[in-house]
Amino acid sequence: MTQPSPTRVAAMLAAERQRFTQTHPESQHLAAASAPHFLFGVPMHWMRDWPLPSPLFVREAQGSRLVCADGLSYIDLCLGDTGAMYGHSPAPVARALAEQAARGLTAMLPGTLLPEVGALLAQRFGLPRWQIVLSATDANRFVLRWARALTGRPKVLVFEGCYHGTVDDTLVDRADDGRTLTRASLLGQVHELALSTVVVPFNDEPALRTALAGGDVACVLTEPALTNCGLVPPLPGFMQAVQAACRETGTLLVLDETHTVSSGLGGWGRVHGLAPDFLVVGKAVAGGLPTAVYGFTDAVAARMEAAKAAAPDGHSGIGTTLAANVLQLAALRAQLAEVATPAAHARMDALAARLQAGLEAVLATAGVRWCVTRIGARMELQYLPAPPRDGREAAAAMQDDWTACLHLYMLNRGVLITPFHHMLLVPPCASEVDVDAVPPLLAQWLAAVIS
Ligand SMILES: Cc1ncc(COP(=O)(O)O)c(C=O)c1O
């Protein structure tokens, strides 16, 4: 099979690392100056996990472009791993933030924009009731707590290969015999996650039904397509089957659309007619300002109100002080009303389809049997002939060296893609010229690494 040669990849990786070092003196200067004060020299340790010799420092980011400390400009198809999905710093959001910042940031009280934001959320995502928090991780954590409180059931079910933020319950793997394993990489975990989390393969309805049959699972938490282990789309009818199995067993369905909101207006579930009990959207929902929202049905809201009324006064563990501040409301209103529009989604989809076609043509010409899996504006170059069926198949196809090498090759030629697997997300403000720049780079890279 035509594929990269390990020696060529290793040689190219070394050359590209050297090229990065030579062309990014200011980033290195900033890295050296930051090192004494920050763990691994960065303000958040993941920033060091990019496959670069030293961190890339950002000077500014606008629209589809990011400019690094050395003044080099990149077409950004990583977009902060979705936070900047509609483009960096959209003008309506930047304006709303500046105006609101002059009038207050946070008060632990509802702002006057709240009714309007509620109406926009309900209209866009199709659920009537909402809470506003600071991150998708928080939203998922809070929803799990609600789900357990409402059902009185101890367990949650996730799919193998999932990622829902740094929510302990979800950071699990699945053993060959189906047991839940705490992810080996999870630092500082002392609780036995197998006691509270069930994990089954995605796209496996029988496994799901068996797991729910015991009646001890409070909720199924899933993305409608797994996006954090490569991209695993649902087989036709699978998500509808998940919903039916949840209904039949009194299990709540939580859709995490933090990434899949890129697949269409209101998210994958809205486009495909799903009716989840809870919906989580974070990252891009307020233009990249730290914000997430979770929505729920009226029936669920009634159960939440009853649970809260029945609990003693005191800390509920479902909220944080800065959450739902007035700055977030201003950003949410601007983003939902003026940025994340039907026209923006139509444009993203069209550009993404164009990029997918370009990449597929390159693969076909090179005789490489890899696929470009796309849902809406998000696509993934996968080292497989067809999209994976589940997280295990997706993980087995990963080739970290190829990924690091292609990532750095593209970065050194002005294109940023996500660092850990090849996700490319196309913002509505990109141009045809931007997306057309990417396939030739893949062609050149393949020509150089294939033996
Ligand atoms: C599907 C999904 N949900 C939740 C999260 C958590 O988002 P955050 O890190 O902004 O809390 C992520 C992060 O990548 C995600 O991919």
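Along the sequence shown, residues are numbered consecutively beginning with 1. Numbering of ligands and ligand atoms starts at 1, following listing order.
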Are Y86 and H345 close enough, and set up right, to give a ring-ring contact (aromatic ring centres under 6.0 Å, His included), and what steps lead you there? CA-CA 9 Å; Y86 298 97; H345 275 274; 5.4 Å; yes
Using a 4.0 Å cut-off on heavy atoms, what residues surround ligand 1? Order them by chain and number. D81, S135, A136, T137, N140, Y163, H164, G165, E223, N228, D256, T258, H259, K283
Using the benzene-type ring in the case of Trp, are the ring centres of W402 and W445 under 6.0 Å apart? no
Aromatic centroids of F57 and H24 separated by under 6.0 Å: no
In this structure, is the centre-to-centre distance between the rings of F159 and H164 below 6.0 Å? no
Determine, using ring centers only, whether F125 and W130 are less than 6.0 Å apart. yes
Mind telling me whether F202 and F238 have parallel, tilted or perpendicular rings, with 30° and 60° as the class edges? perpendicular
